[in-house]
Amino acid sequence: MSLSRTGDLVAAAREAGEGVGAFNVITVEHAEGIVAGAELAGAPGILQISQNAVRHHLGRVEPLAAACALIAETARVPIALHLDHVDDLDLLRRAADAGFSSVMYDASHLEYADNLTATRSAADWAHEHGLWLEAELGEVGGKDGVHSPTARTDPGEAAAYVADTGVDALAVAVGSSHAMTTKSASLDIGLVEKLRAAVPVPLVLHGSSGVLEEDLRRAVAAGLTKINVGTQLNVAFTAAVRRTLTDETLTDPRKYLRPARDAVTETIAQIIRTLTTR
Ligand code: G3H
Ligand code: ZN
């Protein structure tokens with residue numbers, strides 16, 4: 001199957017009243033595990049590489065993106081490739097040639113007016129280069145270890161922001177926070193409904209690892225469509241590595257990366273079943 005486009009997968013999920021998972025890739029095993037999990041669930045998925053993951057790969061986005069694109073092309077379900085949490089304009093400009101169909105440009109840490117100006121210019125550039133652009137309003141915290149579950153996106157401001165920037169999707173702050181290792185986030189479902197009514201483009205949930213399955217289901221029903229998950233995969237991946245490495249004679253990385261990849265697959269299948277009716 002050829003590489004799908006994020007915009008198409010998100011539009012189809014919204015039309016069907018489902019969510020589409022966007023999953024953070026750090027290693028090739030993550031990408032393989034994510035695609036295998038999507039195949040198991042029989043539903044599409046989005047492989048996303050964050051700017052932080054690019055930094056881990058020595059600042060080079062192309063090698064991991066190429067691997068993801070090739071893994072997606074041989075998948076039995078539609079898979080798209082997304083570049084996540086970018087504030088480096090140089091990286092944004094490399095996205096179109098690296099196989100991505102979409103980028104999340106993250107100016108959420110800026111004041112409203114500065115966020116709007118920077119995002120409008122990123123969206124203009126993205127559209128000229130055939131990219132679907134996601135932006136964020138109402139900073140979802142946690143990436144720096146500082147959790148801010150009280151941050152909220154105002155529906156009126158969100159509607160004006162989308163109209164003024166021309167973005168294709170909006171990440172909103174509704175109670176989640178990045179990098180949570182326990183399912184203790186409390187989503188404001190009433191706010192999701194208000195945002196869905198006020199904002200014409202698909203809504204994105206970041207920091208979904210901290211959200212209980214039943215709350216994810218309610219959030220999708222209320223109007224969130226692209227559901228970003230990273231930490232939950234790494235919790236499963238690393239736990240599997242740790243379990244395997246109790247054998248201190250083990251040296252072959254395949255011996256601990258294989259169970260780690262399998263753990264990602266199981267986790268992904270479970271998440272996708274939660275987000276869809278399959
Ligand atoms: O953009 C990526 C996500 O927001 C992942 O967040 O690692 O808390 O699941 P998470
Ligand atoms: Zn995020």
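We count ligands from 1, going down the list as the structure has it; atoms in each ligand are counted the same way.
On a distance-only criterion, Q232 and ligand 1 share no N/O pair closer than 3.5 Å. Between T231 and ligand 1, an N or O atom pair is found at a separation short of 3.5 Å.
The backbone N or O of A98 lies less than 3.5 Å from no partner atom in the side chain of E62, so there is not a single donor-acceptor pair.
The shortest side-chain heavy-atom distance between H206 and D84 falls under the 4.5 Å cut-off. A heavy-atom distance below 4.5 Å is found between the side chains of L191 and R152. Contact of the V25 side chain with the I34 side chain is registered, since non-hydrogen atoms from C-beta on lie closer than 4.5 Å. Residues L205 and V174 have side chains in contact (heavy-atom distance under 4.5 Å, counting atoms from C-beta outward).
Distance from atom 9 (O) of ligand 1 to its nearest protein heavy atom, with residue and atom name: S209 OG, 2.5 Å. Given atom 4 (O) of ligand 1, the protein heavy atom at minimum distance is G207 N, 2.8 Å.
Residues that satisfy the ring pair (Phe, Tyr, Trp, His ring centres under 6.0 Å) test with H129, not counting sequence neighbours, are W125.
Of all protein atoms, those of element N, O or S that lie under 2.8 Å from the Zn ion (ligand 2) number 3.
If you look at S208 next to ligand 1, the close heavy atoms, those under 4.0 Å, all belong to the backbone. Only side-chain heavy atoms of D84 come within less than 4.0 Å of ligand 1; its backbone N, CA, C and O stay farther off. Of the heavy atoms in M104, none comes closer than 4.0 Å to ligand 1. Contacts with ligand 1 closer than 4.0 Å are made by backbone heavy atoms (N, CA, C, O) of A179 only, the side chain lying farther away. Proximity of V140 to ligand 1, defined as any heavy-atom pair under 4.0 Å, is not found for any part of the residue.
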Using the side chain to side chain donor-acceptor pair (under 3.5 Å) rule, take S50 and H85 through it: C-alpha gap first, then chi angles, then the decisive distance, then the call. CA-CA 6 Å; S50 71; H85 282 293; over 6 Å; no

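Between the side chains of H109 and D87, no donor-acceptor pair is found at a separation under 3.5 Å. Remark: the T249 side chain and the D247 side chain contain an N/O donor-acceptor pair separated by less than 3.5 Å.
Summarising the hydrophobic clusters (Ile, Leu, Val, Met, Phe, Trp, Tyr; side-chain heavy atoms under 4.5 Å, direct or chained), the residues clustered with V20 are L9, V10, I46, W132.
Heavy atoms of Q48 approach ligand 1 to within less than 4.0 angstrom.
Contacts classified as side chain to side chain donor-acceptor pair (under 3.5 Å) and involving residues 232-241 (residues at least two apart or in different chains) are given here: H30-N234, K183-Q232.
Shown in contact with G230 at under 4.0 Å from a heavy atom are these atoms of ligand 1, numbered in order with element: 5 (C), 7 (O), 9 (O), 10 (P).
Note on R94 versus D90: salt bridge recorded, some NZ/NE/NH1/NH2 to OD/OE distance being below 4.0 Å.
With atom 3 (C) of ligand 1 as the reference point, the heavy atom nearest to it among L205, V204, N228 is part of N228.
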